[in-house]
Amino acid sequence: MSMLVKRLPELSKIPHYYGYRYMLNPAVHNKIFDKLQLHKTYLNPGRLKVLDLYPGPAQHSVIFNNRLKPAQHVLMDARPDFVKHIGALISDEEVNSSTIELYEGDPYDWDSYTSMIDEHKVLTPSIKGLEAIHDEFLVMANLSGMIGEGLFMQWLACIGNRNWIQRFGRVKLLVWVQESTAVKLLAKPGDQLRSKCSVVTDAFTNTKLIATMEGRSPRDSKFNSDLLAKHEPIFFSAKDVWMPSGKPISLIEVNPNNHHVDLDNFDYVTKHLLILKSTPLSSALDSLGHGGKEYFRSVIRDEKLLQKCPKDLTVEEFMYCTKLFDLWPFKPDIYMDFIDVFQDND
Amino acid sequence: MLRYSSSSCRFAVLKRLNRQIRPVSHTALLRKPLNLDGTRTQSSNEDIGFLKSSAVSMTPGFNPFDNSDAVVQAGESRSIMNLWSLLEACLHSGYLDRAFSILKSLYGLKSHRNSFIDDYNKYLMKFAEGVTDLKVLDRKVFHDLQKNFPATEYNDKTLAILLHNALKIPTTNESRSEHCQTYLKMAVSGYRGIMSNVDILTVENYRTLVHDLKLVELSYLPVELRTLVDAADHTTETADSAPITPVGAGNMSGTKKEDTGLTLDRDIQSLKKDASELLAVDTIGMKVVRHTLLGITLTDDHRKQISEFNFNSASNLLNFEEGKENIDFFEIHRLLKTEDERAAFDKALDTFNHDRQHQLENRATDAAKERWKHDFEEAKARGDLSIQKKLNIKLWEWFNQMLPLVKEEVKRCTDIANKAVSDPSLSSQEKKQNKARQEYGPYLTLVDPEKMCVITILELLKLNSTGGVIEGMRTARAVISVGKAIEMEFRAELLLKNESHVFKDINKKSHEFKLLVQRARNTFRSMKIEESKILWPQEARAKIGSILISMLIHVAKVKVEGVDPVTSQKVEGEAPAFSHGYQYHNGSKLGVLKIHRSLVHQLNGERLVAAVQPQLLPMLVKPRPWKSWNSGGYYYTQSTLIRSKDSPEQVAYLKAVSDASAIDNVYRGLNVLGETSWTVNRKMFNIMSHVWNTGKPFLDIPGNENKLVLTPQPPRDADPSVHRQWKLKNKELANEFSSNRSARCDANYKLEIARAFLGERFYFPHNLDFRGRAYPLSPHFNHLGNDMSRGLMMFWNGKRLGSTGFKWLKVHLSNLFGFDKAPLDERVAFAESHVNDIKDSAENPLDGNGWWKKADKPWQALATCIELNEALKMENPHDFISHVPVHQDGTCNGLQHYAALGGDVEGATQVNLMPSDRPQDVYSHVAKLVVARLERAAAKGDEMAAILKDKVKRKVVKQTVMTNVYGVTYIGATHQIDKQLSSVFDDHKRSYEMSKYLTKHVFASVRELFEGAHLIQDWLGECAKRISKSIRLDIDEKAFKNGNKPDFMSSVIWTTPLGLPIVQPYRENGKKQVATNLQTVFISDPFAVNPINARRQKAGFPPNFIHSLDASHMLLSAARCGDYKLDFAAVHDSYWTHASDIDTMNILLREQFIKLHEVDLIERLKNEFDERYKNYLQILKIDKKSEVACKIVTLRKELSQKLGRQFTLADEIYMEKKRVQLLESEDPVEKANGAAMVTTVSLIGEAGDVGSLEKSNDASCIMVLAPLSLPQIPPKGDFDVRELENSKYFFS
DNA sequence: AAATTATCTACCGACAATATCAATATATATGGA
DNA sequence: TTTATATATATTGATATAAGTAATAGATAATTC
């Protein structure tokens, strides 16, 4: 493992790559691994398959591989410099793992997964039911780059839809994201940053903050203090992170749950209500469609609920609104809810 | 502009500009032998506007923002406008106290002091209305001017106001006379000065002063009024008609004779009013417009006039076909036999149309309301109040429900404005609301609530499905549109009021006198309307717009159907017709106002193309001639000469040169364009309307698609890429649907407007874009429109073809077919070879073999076929009276100007500046050059070249060559070429590779061909870049807020040959959020002065400069054609006139092009820049180790020590400013001090050749300030522009 | 002071993000002299 | 009555929003460490 550190100066030659940052302290990785208690989920490592997306320097891959001893561990990356680096890394005898392999493909591209899984059958996860977290498949990813947030949001939608790799079951995700993204995702009702994605996260997953970067002055984290108390994340230093410059990052653990959500209506209702996140429902509901205010006022008996603001609502309350919305005879066409971009041809 | 010395005068500037800088080279001497003889020199020295105008805009005293202190002005010009509009609003709403306090604020703005008296006068006028005692008024004025505003002096208008009130307020005759005498004695510039205020004094006032009190001689009155005042006196005394010469005889003297022929009495056949004729052909859409347009013909007064004419002159020709359409004036006119008859007819039509125009611009909203009411009452009478109500009935109901709300709100606003003290018992929310009311209240109380309701409803319907919203509109657009419409209405009423004022208290005695007044009104309309320069702030517009809209949302309901998801039963209910919400686009929120689907369907079904802006239709009378920067065009709808994109800077320049009457040539040209009379080509209209009614797609008319059907959603667990495809597909469908819808809508507008103008004579008022190109003011239907619009219209006047006209008509047809690259006789031959096709097309346009549809411009081709066919049917085709405009287009006009500027001989040849037997086709030529290059490269073994060399056709390079003039970038051109090549290569990647490669060669070829032109293009770009990165000495400190680099504020400004000052408006957009009732909207404040957008300044300047030249050429040609009484129209670089006049026009336009380019425009531009931007600074990077650099570093250190802090760039600039001020001082001591001063800039100046020190890449640089210097003008080629006099194909 | 990241990509006519909250600026009130 | 401080309110600024980067890639300006 020491050679990994040796490799660092070499890595610094790789040009900045759209904001990606990687934790490169083995000790921290080990601490993280301990905290995750993965063996409780993956009782039979011999059947475990791991998909490692945007592994970059792949230090964590090696560590996790050594400790988890999965049956198969596929690293997917397409960035030439990292591909080269990983190629060298896995052939290095010091790494000493026969289970790590590289699949050259862009994790951003949906086709990369279909071709890897369905076409080339490089990785073939088993299909599991929805009653528990998938116990033979783990996905790790580093989405700390600037496209990362967008991609994660799409993955979240995939959890809802149960497509992409979530079609194999409730597959656990370990994802490095920018701190700001983690803050958004983990915002609770009443938080300033409570937004659609945090509602969705609540609805579809059980997500935990595993590790996060220390602020310049200790404990000035953007995270809510209750949240920190609850999740007790590992704090690490910015010095352990490469690239040295960039935005702070956090590691989250995403455990998809067995949800039963009316997806499209839920999406529409949350999206629209959270635009007026500090406006009482009694007014905010009017923005759902023609006559929204009148309808919802007639069906919501709970005056206290009507006085609440969208940002204070729990997932259950959003679900309740969704249900009412669905029952609304004059509800608007939710599939026409987009702007037709102005573009002239020729 | 800095005001360094008070003594500098325009003269000096003028001299500087006029000096010959570029030495006349030997070649130039050879090229222009005529320069040596007097005649030529004279012609090139003749100023067509530039010299005078540029001198005005560069006089040191002139500042685009009307004051000397640039730091204050940016803030003040904005607050002045806000205060003005608020003052105006308060005055009209009668909030005098508040108005007075605004007045005080205005007085507080020093920069505004000079024109403050005008504001005071406005206030005084209103104040006086409520005064019943002259003494009170006197005291008030005295007190105000002495105590409240001591720095202000009254002017003649103040006196006119006092005079007017002295005559109005009841008092004894002695006292009245005494007062009047006092005021008259106080005159600032004589009695005439006072008397010229026709917006204050009324005809009756004048009459009293002249005839009763005998204080003023008739000759002191404005000339237009004398007859009328005299007549007023006669009629009051005798009540009998004395023979009266018409007022405004100046422009009507030629037709006086007919006047007497048309005596105004007797035998007035009162024609039956028949409303149904208007509806007969009506598809319910456009009723509002149609009613507005056609309804006015119904008044008996109008019919009377027509019938009088009919009765006296041509009774057998006038034929009202009952129950059909409006009177076909065109047909009547066409069939008239003599010129005299025509003139008489024209005159009658003119009088009639003046009235209609007046109605058109003023009564639009009323007309709409009447329509709704009518439909409602009709339905009620029938007992038909079914659930699916007709649209108009709904609208009428909404209107009626909305009205009380609006009235209530207006009342609240008035209460608050009057009370001023807020009740402490109110809740905080109410307090907030009242506060808001204080802000928008004054604006909301200006226009009749009824009108506001109608406007709101119409605007919202009009905006249906705009802005990319599927069933609705963007809120921001909606609130501003409503606000703007209210403002427009207010302004129209204001203009109307002003106009009527002078005639206000006349006792209308006789018919003759009424007519006289009528005539006087008409002359007055074009004479003396003082346009307001006040604009409401966007914020105010948005606010009142949102208030009104939210009230409409509140009341407007529609019946809706839905399905209960539980019971699956059909449910009926009522829902708001409009709903406010949001949609996301790329993560940004967008406020939308949705229209309920049932209403959208109804709108589609009824094909209501709600209210075309009735104020902005083509005009029935000649537009008001342009006289100043904001006076011209429509009569009651304010329009400005230039559509400045919210750029107060250009307006300021424009005002200055306009006031100095330096741009009269621009006005002349524009007025010629406006005077061209048009009519709808009825045959074409009938064909198109037939096609339209089938609802099927035809040529560029899209078919009628009912509703948007989206594809069904894929299964939940389908791959994300499938979901993505689905979304994409839906967006595409929606896009297609809405672009189809808007295209159909657009065509509908065109047809409906054309229908309304069938048989009418109409005109297009024009104004200019910021570069001086002319555009018709009326949207939708104008000659700049697509082929369809163009095919729909033709000249009102017909002219006999003659032999050349016949020839040109054939050429025109050939051109429309795209067969325009052959010599003229071949084009004639082309037309002649298709005689049978022409006949078939003309006679069976839809059922025949449709030859015309194959044309490039099928509709116009068809119109031409019809004319040609008619002509051919005649015994002598030359006798045919032709109406179709024939076009002469410049071949690549931009390149023509470039070639003339750059003097490229080869380039000039290729764009037909050189005489030639055949027209040259520059695109083919470039293609040839490219192929040659490729062949050479292929010979050297370049594979790509070998593959490409036989694939390069004219079409491949055309777009790129064309857009090259507009500064297309390498990457942009690659895309264009890729579009062409993508059909050749199946692999995208490969085709892109090839395109990249080919683009390089195309660029190189174009550059080779137009070398001089490109050097100029580069030079222009470089100048623009440096200017937009230059620093004014009096730069705002705030510009330094982000670091040591200031925000750059100077835009590129130049003066066109005609004297029009152009200011490139490209600045960073300074939009801000503004809170309204519904949501906040994100809008730009037009008075904010934002930093320059250097990139756009640079990229835009070369094309803009060229466009300003072609605009000048067009306006000059227009004016010339006007001199020759040609009907002239133009689409930038395509000039139109009658077939028979083409030869004349061709001579004139060549003459004007030569005249334009005889002066070395580039050199003159450089002089202008040098002058305008002298003392501006630029930031340079120079070698650290150079001598100057060392000196500067030392100086900086010194100064830094003295100051005890970092010596900043701002300090350096300030210091240099001081130095320049001292240097330009009158005082010799100061001057010497200035000369002795050493600044970082002066050090650079001493160093001389700065260019050699410039270093950009190296680390061993320091940043220094240097005087702005522009690059040297590139050398010019040998082409002599006068060659084109004989170039047949220059325009063809 | 170098390197990463964002923007724009042919001109004009032309047509537009918004809600919320923290932080600052300004106005008003209060208090003390 | 006048000036200084505290509080209230207005204005300004920052940030999040949604969720394929439209099919394409290079130059240049802006920003950041």
Side-chain angles (χ1 to χ4, degrees), chain A residues 15-19 108-110 146-147 149-157 180 184 192-193 195-197 243-246 267 271 274-279 311 341-343, chain B residues 432 435 463 466-467 474-477 479-481 538 542 582-591 643 645 720-721 723-724 727-728 731-732 769-771 773-776 779 784 894 959-960 962-976 978 982 988-989 991-992 995-996 1042-1043 1045 1069 1071-1073 1075 1079-1084 1094-1096 1099-1104 1106-1107 1111 1132 1259 1261:
Chain A
H16 283 194
Y17 222 102
Y18 297 109
Y108 192 87
D109 205 341
W110 301 122
M146 37 193 23
I147 58 149
E149 181 170 300
L151 188 51
F152 185 83
M153 296 309 167
Q154 290 172 62
W155 288 358
L156 210 50
S180 58
K184 267 187 260 186
Q192 178 72 236
L193 285 165
S195 60
K196 187 179 162 230
C197 63
M243 310 281 309
S245 70
D267 179 77
K271 188 196 291 182
L274 280 161
I275 290 171
L276 298 165
K277 60 167 86 171
S278 292
T279 306
K311 70 167 181 199
V341 261
F342 176 78
Q343 54 180 22
Chain B
K432 224 178 235 170
K435 193 113 196 173
L463 289 173
T466 57
R474 299 188 175 189
T475 318
R477 178 99 190 265
V479 293
I480 297 230
S481 293
Q538 288 282 64
Y582 303 86
Q583 287 182 347
Y584 276 107
H585 180 60
N586 288 334
S588 315
K589 299 174 186 114
L590 205 66
R643 318 177 174 203
K645 281 183 165 173
S721 57
H723 280 270
R724 176 165 173 247
K727 279 186 188 164
L728 236 51
K731 282 200 174 159
E732 199 184 305
D769 71 12
F770 77 91
R771 305 157 308 166
R773 278 188 159 193
Y775 298 82
L784 261 71
Q959 197 186 10
T960 306
M962 206 157 60
T963 54
N964 198 284
V965 186
Y966 304 130
V968 74
T969 55
Y970 166 69
I971 201 90
T974 308
H975 286 119
Q976 295 168 359
D978 184 49
S982 58
H988 276 273
K989 272 238 152 60
S991 117
Y992 200 78
S995 306
K996 280 195 292 191
N1042 46 354
K1045 258 201 178 155
N1069 85 16
K1071 285 183 184 157
K1072 283 190 193 146
Q1073 281 180 264
Q1079 61 171 72
T1080 73
V1081 288
F1082 197 53
I1083 45 185
S1084 62
R1095 173 188 250 142
R1096 302 242 285 145
F1101 181 48
N1104 287 339
I1106 297 301
H1107 284 324
H1132 308 316
C1261 288

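When reading the values below, keep in mind they use all heavy atoms of this one structure, side chains included, and skip hydrogens, waters and symmetry mates. Proteins get letters first, then strands, A, B, ... in listed order; numbering begins at 1 in each.
For the pair A:Glu149/A:Met153, a side-chain contact is recorded, criterion being any heavy-atom separation below 4.5 Å from C-beta on.
In this structure, B:Tyr966 contributes its side chain and B:Ala1099 its backbone to no donor-acceptor pair below 3.5 Å.
Every side-chain contact (heavy atoms from CB on, under 4.5 Å) that B:Val968 has, sequence neighbours left out, goes to B:Thr963, B:Ala973, B:Gln976, B:Phe1003. Under the side-chain contact (heavy atoms from CB on, under 4.5 Å) criterion, B:Arg1096 pairs with B:Tyr1066, B:Asn1093, not counting sequence neighbours. For B:Thr1080, the side-chain hydrogen bond (donor to acceptor under 3.5 Å, both in side chains) partners are B:Gln1073, not counting sequence neighbours. Here B:Asp769 pairs with B:Arg771 under the salt bridge (charged side-chain N to carboxylate O under 4.0 Å, His left out) rule; sequence neighbours left out. Remark: A:Lys271 pairs with A:Lys196, A:Asp267, A:Asp337, B:Tyr584 by the side-chain contact (heavy atoms from CB on, under 4.5 Å) rule, at least two apart or across chains. Remark: B:Asn1069 engages B:Lys1071 in a side-chain contact (heavy atoms from CB on, under 4.5 Å) (not counting sequence neighbours). Taking the side-chain hydrogen bond (donor to acceptor under 3.5 Å, both in side chains) definition, one finds that B:Gln1079 meets it with B:Thr475, B:His580, sequence neighbours left out.
For DNA chain C, if you chain together Watson-Crick or G-U pairs that step i with j, i+1 with j-1 and so on, the runs of at least three with distances under 3.5 Å are C:2-9 with D:25-32, C:17-30 with D:4-17.
Here the P atom of nucleotide C:dC8 and the CG atom of B:Asn1069 are 10 Å apart, to the nearest Å. Per the geometry, CZ belonging to B:Arg773 stands 8 Å off C1' belonging to C:dC11, to the nearest Å. Here the P atom of nucleotide D:dG26 and the NZ atom of B:Lys996 are 5 Å apart, to the nearest Å. In this structure, B:Leu590 atom CG and C:dA17 atom C1' are separated by 6 Å, rounded to whole Å. Taking atom CG on A:Leu156 and atom P on D:dT17, their separation rounds to 12 Å, with Å as the unit. Between the CG atom of B:Asn586 and the P atom of C:dA6 there is a distance of 16 Å, rounded to whole Å. Atom-to-atom, CD of B:Glu732 to P of D:dA22 comes out at 15 Å; the value is rounded to the nearest Å. If you take CG of B:Asn964 and P of C:dA10, they are 12 Å apart, rounded to a whole angstrom.
Closest to the A:Lys271 side chain, of the nucleotides C:dT18, D:dA16, D:dA19, is D:dA19. Here D:dA18 is the nucleotide among D:dG20, D:dA16, D:dA18 with the atom lying nearest to any side-chain atom of B:Tyr584. The side chain of A:Met146 lies closest to C:dT5 when the candidates are C:dA17, C:dT5, C:dT18. Candidate nucleotides C:dA17, D:dT28, C:dG13 were compared by shortest atom distance to the side chain of B:Lys589, and C:dA17 ranks first. Among the nucleotides D:dG26, C:dT18, C:dG13, the one closest to any side-chain atom of B:Ile971 is D:dG26. The side chain of B:His975 lies closest to D:dT24, out of D:dT24, C:dT7, C:dA16. Closest contact between the side chain of A:Trp110 and the listed nucleotides C:dT9, D:dA25, D:dG20 involves D:dG20. The B:Lys727 side chain lies nearest to D:dG20 when the options are D:dG20, C:dA17, D:dT21.
For the atom pair B:Ser481 OG and B:Leu463 CG, the distance stands at 4.5 Å (nearest 0.5 Å).
Note: B:His1132 and B:Tyr775 have perpendicular aromatic rings, judged against thresholds of 30 and 60 degrees for the angle between ring planes.
Rounded to a whole angstrom, the distance from the P atom of D:dA14 to that of C:dT7 is 16 Å. For the P atoms, the distance linking D:dA23 with C:dC15 amounts to 27 Å, nearest Å. The gap from the C1' atom of C:dC8 to that of D:dT24 amounts to 14 Å, rounded to the nearest Å.
Residue side chain A:Glu149 reaches the base of D:dA19 through a donor-acceptor N/O pair under 3.5 Å, judged by distance alone. Donor-acceptor pairing under 3.5 Å, judged by distance alone, is present between the side chain of B:Gln976 and the base of C:dA10. For C:dA17, its base never sits under 3.5 Å from the side chain of B:Gln1073 at any donor and acceptor pair.
D:dG20 has A:Tyr108 stacked on its base ring, the centres lying under 5.5 angstrom apart and the planes within 30 degrees of parallel.
One finds no side-chain N or O of A:Ser278 lying less than 4.0 angstrom from the OP1 or OP2 phosphate oxygen of C:dA19. The side chain of B:Arg724 contributes an N or O atom lying less than 4.0 Å from OP1 or OP2 of D:dA23.
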Show me the protein contacts with nucleotides 7-10 of chain D, counting only N or O atoms at under 3.5 Å.
none

